[in-house]
There are 2 protein chains.
Amino acid sequence: MRTSPAIQHDLLGAAVLHLRSGRAASRSTLAVALGLAPSTVGLYVDQLIADGYVDESGLEQGPLGRPKRRLATQRTAGWFAGVEFNAERVQAVSVDFSGQRVAALSKWLPDDADTRTVLHAIKTLLAGLEKNAQGPLLAIGAGAPGVVDPRAGVGAHYAFIADWRNVPLAESLRERFEVPVTVENNLRVIALAERWFGGGRDLDDYVVLGPRSGFGVAIVHGGQLMRGVHFAAGEMGRWPWAMGEGRPAGELHDALSAPAVWRKLAGATPRARLPEDLRVALVKFTDATGTAWDEIISDYAKAIGCLQLLFDTECFFLHGPVTSLGERFCAEVVAAVRATMPALAESPLRIVPSALGDDAGALGAASLAMESWVPAFAQ
Amino acid sequence: MRTSPAIQHDLLGAAVLHLRSGRAASRSTLAVALGLAPSTVGLYVDQLIADGYVDESGLEQGPLGRPKRRLATQRTAGWFAGVEFNAERVQAVSVDFSGQRVAALSKWLPDDADTRTVLHAIKTLLAGLEKNAQGPLLAIGAGAPGVVDPRAGVGAHYAFIADWRNVPLAESLRERFEVPVTVENNLRVIALAERWFGGGRDLDDYVVLGPRSGFGVAIVHGGQLMRGVHFAAGEMGRWPWAMGEGRPAGELHDALSAPAVWRKLAGATPRARLPEDLRVALVKFTDATGTAWDEIISDYAKAIGCLQLLFDTECFFLHGPVTSLGERFCAEVVAAVRATMPALAESPLRIVPSALGDDAGALGAASLAMESWVPAFAQ
DNA sequence: GAGTATTAGTGCGAATTCGAAATAAATGAC
DNA sequence: GTCATTTATTTCGAATTCGCACTAATACTC
């Protein structure tokens with residue numbers, strides 16, 4: 001019989017994260033992952049089972065020796081909400097305690113959306129998810145565009161939503177839903193999604209490329225998001241960039257953002273909803289691979305090559321609308337990097353189109369909620 | 001009377017680091033810095049005093065309350081060696097237990113130096129330092145050029161020393177001197193020097209700019225060196241770079257390396273020892289600020305602006321020969337960044353010429369030794 | 001099928017670390 | 001000078017975590 005129940009709540013939270021992510025699935029692997037003695041982990045696991053957060057679901061036989069008793073997070077112990085937005089729309093997902101996506105909602109914003117409208121839309125979607133959820137809501141994560149101060153839980157500023165300045169997003173949602181709320185930048189939240197739901201599971205160093213209306217990157221180094229002192233890291237879109245023949249100078253997002261790519265591929269189309277542009281572009285692309293295509297490849301190659309030289313990272317994940325150009329696009333960019341940058345000729349460069357869909361941001365926000373959660377004080 | 005002496009050696013090491021760096025100078029501040037209970041820290045400090053690593057050196061009165069009992073590392077408890085080299089010369093310094101630089105030695109290498117010669121020179125210098133040192137040698141740090149694998153303690157490769165490939169540097173020195181040896185890349189070691197001896201004392205995020213024969217950067221993020229998956233992060237010199245009017249393309253180091261800068265400033269001089277070039281350049285520079293100067297400023301501005309957009313770091317430290325261009329150079333670069341890059345117009349950008357001298361690398365290597373040290377098992 | 005090897009998990013005394021109260025050493029008010 | 005106030009450090013019992021021996025559960029060998 002166990003002596004005393006331990007009540008180190010942050011360690012309980014860390015244990016749950018390891019189990020949920022699959023990095024550990026038994027007492028013994030958990031002990032290694034957490035760096036604790038097996039006997040201590042036994043105590044913690046007892047506590048988690050007693051509180052209904054974890055379940056024993058069977059045995060797992062290794063090549064030799066006593067099989068592991070498989071541990072899994074209890075699906076119904078509660079759920080997490082993730083919400084992500086930009087000037088155009090709000091998306092929200094719910095994720096159960098075991099980390100499975102359960103439901104999703106989204107809502108287009110009017111063209112003149114201001115801070116008030118946006119906050120209202122966020123709350124409406126979250127309330128909608130709450131209606132059909134089972135178990136208690138445990139935490140909320142939010143991915144906001146522009147500069148975000150995660151420490152204060154504040155959206156500092158964003159140009160494309162009227163009066164979006166120092167918005168106390170976390171506080172506002174915490175008041176309404178009475179659970180912990182964590183806030184992070186849009187694109188950085190996608191990097192979390194990649195870790196929890198995408199190809200970044202086992203990676204500690206990777207870079208997310210986010211060509212949308214601008215061009216940003218999210219950098220993960222040593223398993224940690226790189227935010228920058230003023231929460232403004234990754235603003236690569238503002239790099240000076242030599243444009244084509246005619247115009248001598250500009251900024252990188254003028255050449256590499258999603259609209260810029262569509263414009264080049266499909267001819268000059270006015271700013272419109274992206275999905276339509278996308279279809280047009282794809283038609284043209286499958287037929288011809290002209291100079292526009294080559295120019296895009298070489299621009300991306302140059303940008304990614306620069307990043308690789310600087311970060312020497314394991315993998316690049318391509319996100320956003322441009323992802324629809326697919327594996328072929330990525331492969332050609334890799335080839336172009338190797339061909340044009342001598343220092344990277346032999347580089348084991350990996351660029352992959354994200355396997356996450358349209359709601360990567362919301363999923364990432366939910367990941368934020370999962371990562372922040374620790375079991376409440378159990379009486 | 002204290003109950004039992006605690007023997008958690010890595011924590012003792014961490015405590016010494018805090019005391020040596022000045023981040024903590026009493027039991028109470030140490031407790032905060034280490035995140036331990038005051039009572040626990042008391043135990044550790046007793047142990048460190050008993051072992052002769054730490055001394056009580058007086059009182060420090062705050063505005064109110066009982067004064068702190070000032071703790072300091074014992075100067076004579078032993079010493080650390082740092083050695084750094086490139087194809088041209090080897091430099092070594094000794095640092096006492098309190099982190100004060102004691103002595104330095106250096107040695108020019110012959111033009112045809114190979115791995116054997118270099119290793120021999122390193123050992124000779126270290127032996128020379130050993131002769132005049134007081135107390136036992138505790139650890140050695142080494143800064144090696146090119147790609148270095150710190151985990152294995154191996155110099156992977158470097159083009160400018162014959163047969164420098166997979167050199168087991170750490171093992172070789174450990175055999176000869178019988179103390180722990182830590183190895184790291186040249187420029188990253190300079191970043192450590194900046195933290196221990198320079199302007200990086202209180203910074204967790206900064207970038208070291210190292211224009212020497214090439215152009216590399218060392219990135220510190222969250223107090224941690226950024227190495228990259230293949231230990232090749234920071235190779236910015238290989239960025240594609242648009243050159244002047246005539247030549248359309250090249251690499252960044254063709255424009256920004258120290259030789260390139262001198263060539264532009266002083267006219268085409270053949271590759272020679274830098275200090276001479278430097279003097280020539282300085283004479284020209286104080287007289288005229290022509291197009292060559294402007295070109296250098298704008299190139300540096302562009303490169304640093306790109307880094308700032310990506311990292312959003314606190315400070316850039318300029319190292320190497322170019323440092324001699326001084327405050328004025330840095331100030332002009334800052335101005336140029338603000339003027340030419342709209343996104344950084346308001347940026348609190350800081351670029352400072354390193355205050356460390358010529359042996360920054362060796363000092364950084366000694367820092368590596370200091371950081372790696374933990375008290376040996378005390379009977 | 002008993003014995004051996006191997007890995008997983010538990011029990012329990014020992015070691016470490018904590019927390020809260022006690023003590024120490026200063027300042028300032030009266 | 002005495003006393004309240006503030007901050008630093010220590011004391012000491014309590015809580016946590018560890019280490020190690022032990023038990024458990026499997027495969028393989030003979």
Whole-Å gap separating [atom2] ([N]) and [atom1] ([X]):
X     : N      : atom1 : atom2 : answer
A:L64 : C:dA8  : CG    : C1'   : 12 Å
B:R70 : D:dA8  : CZ    : C1'   : 14 Å
B:D46 : C:dT17 : CG    : C1'   : 15 Å
B:L12 : C:dT16 : CG    : C1'   : 13 Å
B:Q47 : D:dT9  : CD    : C1'   : 18 Å
B:K68 : D:dT9  : NZ    : C1'   : 12 Å
B:Q61 : D:dT7  : CD    : C1'   : 9 Å
A:E60 : C:dT6  : CD    : P     : 21 Å

Enumerate the protein-to-nucleotides 18-21 of chain C contacts in which both atoms are nitrogen or oxygen and the separation is below 3.5 Å.
from	atom 1	to	atom 2	distance (Å)
C:dC18	OP2	B:A37	N	3.0
C:dC18	OP2	B:T40	OG1	2.6
C:dG19	O6	B:S39	OG	2.9

Enumerate all atom pairs, one protein N or O and one N or O from nucleotides 23-25 of chain C, separated by less than 3.5 Å.
from	atom 1	to	atom 2	distance (Å)
C:dA24	O4'	B:R66	NH1	3.4
C:dA24	N3	B:R66	NH1	3.4
C:dA25	N3	B:R66	N	3.4

Next item on the list: Tell me, please, which residues at least two apart from B:H18 pass ring pair (Phe, Tyr, Trp, His ring centres under 6.0 Å).
Entry: none

With sequence neighbours left out, write down each residue that passes side-chain contact (heavy atoms from CB on, under 4.5 Å) with [X], or none if nothing qualifies.
X      : result
B:A72  : B:S57
A:Q134 : A:T76
A:P67  : A:L59, A:Q61

Any side-chain N or O of [X] under 4.0 Å from OP1/OP2 of [N]?
X     : N      : answer
B:S26 : D:dA8  : no
A:Y44 : D:dT16 : no
A:R69 : C:dG9  : no

Margin query: Checking A:S26 now: which residues fulfil side chain to side chain donor-acceptor pair (under 3.5 Å) with it, not counting sequence neighbours?
Written below: A:S28, A:T29

Next item on the list: Write out all pairs satisfying ring pair (Phe, Tyr, Trp, His ring centres under 6.0 Å) with one or both partners inside residues 49-78 of chain A, taking only residues at least two apart or from two chains.
Entry: A:Y53-A:F97, A:Y53-A:W373

Notebook entry, point to check: Any sub-3.5 Å donor-acceptor pair from B:R227's side-chain atoms to B:E184's backbone N or O?
Noted result: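 Checking the backbone N and O of B:E184 against the side chain of B:R227, no donor-acceptor pair under 3.5 Å is found.
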
Notebook entry, point to check: Counting N and O atoms only, with roles assigned by atom type, does the side chain of B:S354 sit under 3.5 Å from a partner on the main chain of B:F317, one being a donor and the other an acceptor?
Noted result: no

Show me, pair by pair, the donor-acceptor contacts under 3.5 angstrom made by side chains of residues 200-208 of chain B, not counting sequence neighbours?
from	atom 1	to	atom 2	distance (Å)
B:D205	OD2	B:G222	N	3.3
B:Y206	OH	B:A191	O	2.7

Item checked: A:S28 side chain, from C-beta outward: closest of D:dT6, C:dT17, C:dA8 -> C:dA8

